[in-house]
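Dumping the structure here so I can ask a few things about it.
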Protein chains: 2
Amino acid sequence: MTQRLGRTITQRGLAELAGVSIATVSRVLSAPQDQRGRWASPETVSRILELANELGYKRNPHAASLRTSRSDLVGVLVPRLQDFVLATIYEGIEEAGMELGINTYVMNSHDDVELQRLRTQVMLDRRVDGLIFGDARLDAPFLDELREQGVPFVLTSRRKEGHLSITCDDYAGGRMVAEHLIEQGRTDVVILGGLEFASTAQDRTHGLIDRLREAGIEVPPERIVYRGFDTAAGRQAMAEILEDGISTNAVFAANDFAAIGALGVLQDHGYSVPGDVALIGYNDTPLAESVGIPLTTIRSPMHPMGRESLLTLCRLMAGEPVESQRLAPELIVRASSRG
Amino acid sequence: MTQRLGRTITQRGLAELAGVSIATVSRVLSAPQDQRGRWASPETVSRILELANELGYKRNPHAASLRTSRSDLVGVLVPRLQDFVLATIYEGIEEAGMELGINTYVMNSHDDVELQRLRTQVMLDRRVDGLIFGDARLDAPFLDELREQGVPFVLTSRRKEGHLSITCDDYAGGRMVAEHLIEQGRTDVVILGGLEFASTAQDRTHGLIDRLREAGIEVPPERIVYRGFDTAAGRQAMAEILEDGISTNAVFAANDFAAIGALGVLQDHGYSVPGDVALIGYNDTPLAESVGIPLTTIRSPMHPMGRESLLTLCRLMAGEPVESQRLAPELIVRASSRG
DNA sequence: TCGATTGACGTAAACGTTTGTGTCAGGCAA
DNA sequence: TTGCCTGACACAAACGTTTACGTCAATCGA
């Protein structure tokens, strides 16, 4: 945190003090640790390093970016940071970025197609080297267009056919839910799917119904309702189901928050959980464990997902071979479905 | 989203095509809308503007920052983005920043003094123009040191004596809770205070006990426990209280999440809410409304707090007069404390 | 009528890096 | 001895803006 009083120190300053040219300073300072010797004698190297350290030299990233046209900046777009899941994924991204000396910065798109476009442009205007999208929509051509322009990006949380993505294996997660319900003998299922245009919603839902179908159980369409991933959406979806007079002994919500919303409505209507209805969420947020009736849920590797997406983006930008990954989910059985 | 195939277009390119000097282009492009005429004839102005638009010219922010040594970047440090409250505040910051053409970027400090220092340095190295701290600690000298260096910053969410801050009037919030409890005749109070080094915790707690004292009611120290703001902390704090055999008919948690954690523990121990115990949270997060027993809470203006802190920082950096603000909280009475 | 002002630009010097090309001495093989 | 190589640097040209100073007409006030 050494800050010079007068002028902030530059490579020129170091060069003068060390009695070498600014070119040498630059090469020594920007070479990887083990290769500094390639450009200067050991004494020169250590002299420069010491001086830099002592005077608190910090490279001016604007100047460097201008010269190299690389910013070491990556932009991250998420639906909402308020969403615990995305916030956690972002923490993983930030953590990995920090380790690699890459700065990340994040914006909210509110799942709005227009905002998505606008925010992306803002980030490109800031000359980010690459992008991470946590808000991919199955129904929008935006990402396909973006690829035309040759901008490197990876998706996380949600995937989209034909694009590089690091996600949870949501389909497998859905199947786990189905298997658990079959074991418990609760197959009169209702699905609060989340947002229809999100692969997370689709994959979780289809994993569940596919596996049930394999067991000879059909889930008719009126039992699947897409309202959103948050608490309010969970309330609304559950309320609609009950109003429609649909009877059920198992509710799967594509998100813990939606599940908690649903829980409130179920209790208001006099259903006991898990007595009358088993309730299962998704993501294993801390709330799942702490809420009145501990929630059975699928644990998704949010933090690792974030880390891995940043690392993958870096590999992509470095021209290394990369491929999509689906990280394994895990079933966490708690009181809300034991019965 | 026009991207040139060959070379990205620069001011030089525009200048050549428009038949003027690059200086003129720069002046026209960077003057505020209403002052473009100051630097060129109307025809020249519109020619440049049209060309810029047509070719999709975007100023290179690195070059501009290098020249002006202003980055239009502000750094934001929060304890955790996972925390709904801080995430919402950040949304406000981002929103205001976007409107002013200022890019914000955010990092997590995990309330760790060392990390706070490190992350701040990373941001300064990135040459941010200013900083917003959402993680001020009453017990750390870090901010005082930072001011010595002349870095402009403002605090939000938490305040600290002697520093510019935009917060909720938490002391008033605490008093509101007290008044509500007095009205309800529930004065056998227990306080789950949050984190002791946070002004939010201190102010809310002291507002509450001061007001109770004015009504002739003392809250002895063993009834105040600081464990944290999240669900897990709420659980732990509540559990400790009950284990200590402290009897109570009213629990105030300095945060909705802590309140929800406490709710679980209370129910586990066979207490009914609000029958046996009134429960009150803070912040009015969406969960407060949606959880099984709707939670009485204090609504704090999170989003406006974020907006205002960014605006204040900008005024500060522009040399305009600024002062700290404490935005008004509001009591939201729900089922958890009625009865 | 003439100096002063104004409008409409142009020149050129930064800002702090990075990097392709030198340069130059010393060492080596032939 | 000569030619070549190599280690250890130095030179200088970018990168794309911004901005302090010009310059040069046309206009204006007295």
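In this text, all values refer to a predicted model and were calculated from it rather than measured experimentally. Lettering of chains follows the sequences in order, A, B, ..., and the numbering in each one begins at 1.
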Among residues 28-49 of chain B, which contact DNA chain C at a heavy-atom distance under 4.0 Å?
-> B:Ala40, B:Ser41, B:Thr44
Salt bridge (Lys or Arg N to Asp or Glu O under 4.0 Å): pairs with one or both residues in residues 41-51 of chain B, sequence neighbours excluded = none
Could you state the atom-to-atom distance from NE2 of B:His62 to C1' of D:dT17 in whole Å?
-> 13 Å
Residue list, side-chain contact (heavy atoms from CB on, under 4.5 Å) with B:Glu148, at least two apart or on another chain = none
All ring pair (Phe, Tyr, Trp, His ring centres under 6.0 Å) counterparts of B:Phe84, not counting sequence neighbours = none
Atom CG of B:Leu66 and atom P of C:dC15: how far apart are they, to the nearest Å?
-> 9 Å
Nucleotide D:dG16, atom P - distance to CZ of A:Arg126 in whole Å = 17 Å
For nucleotides 25-28 of chain C, list the nitrogen or oxygen atoms of the protein found under 3.5 Å from its nitrogen or oxygen atoms, one pair per line.
none

Figure out the CZ/C1' separation between A:Arg12 and C:dA14, and round it to whole Å.
-> 10 Å
Here the distance between atom P of C:dG16 and atom OH of A:Tyr57, to the nearest Å, is 10 Å
A:Phe153: ring pair (Phe, Tyr, Trp, His ring centres under 6.0 Å) partners, not counting sequence neighbours | A:Phe133, A:His163
Of all residues at least two apart in sequence or in a different chain, which pass the side chain to side chain donor-acceptor pair (under 3.5 Å) check with B:Arg147?
-> none
Residues 319-327 of chain A, side-chain donor-acceptor partners within the protein, below 3.5 Å, at least two apart:
| residue | atom | partner | partner atom | Å |
| --- | --- | --- | --- | --- |
| A:Ser324 | OG | A:Ser165 | N | 3.0 |
| A:Gln325 | NE2 | A:Glu308 | OE2 | 3.3 |

Charged N-O contact under 4.0 Å between A:Arg158 and A:Asp111 | yes
Under the side chain to side chain donor-acceptor pair (under 3.5 Å) rule, collect the residues that match up with A:Asp83, sequence neighbours excluded.
-> none
Contacts of type salt bridge (Lys or Arg N to Asp or Glu O under 4.0 Å), residue A:Arg70, not counting sequence neighbours | A:Asp72
Side chain of A:Thr68 - closest among D:dG16, C:dT19, C:dT17 = C:dT19
What residues form a ring pair (Phe, Tyr, Trp, His ring centres under 6.0 Å) with B:His110, not counting sequence neighbours?
-> none
Can a donor-acceptor pair under 3.5 Å be found between the side-chain atoms of B:Arg27 and the base atoms of C:dG7?
-> no
Salt bridge or not for B:Lys160 and B:Asp144, using N-O below 4.0 Å?
-> yes
Residue-phosphate contact under 4.0 Å: B:Thr24 side-chain N/O, C:dG10 OP1/OP2 | yes
Give the rounded distance in Å between these two atoms: CD of A:Gln11 and P of C:dC15.
-> 14 Å
For DNA chain C, which residues in residues 14-23 of chain A have a heavy atom at a distance below 4.0 Å?
-> A:Ile22, A:Ala23
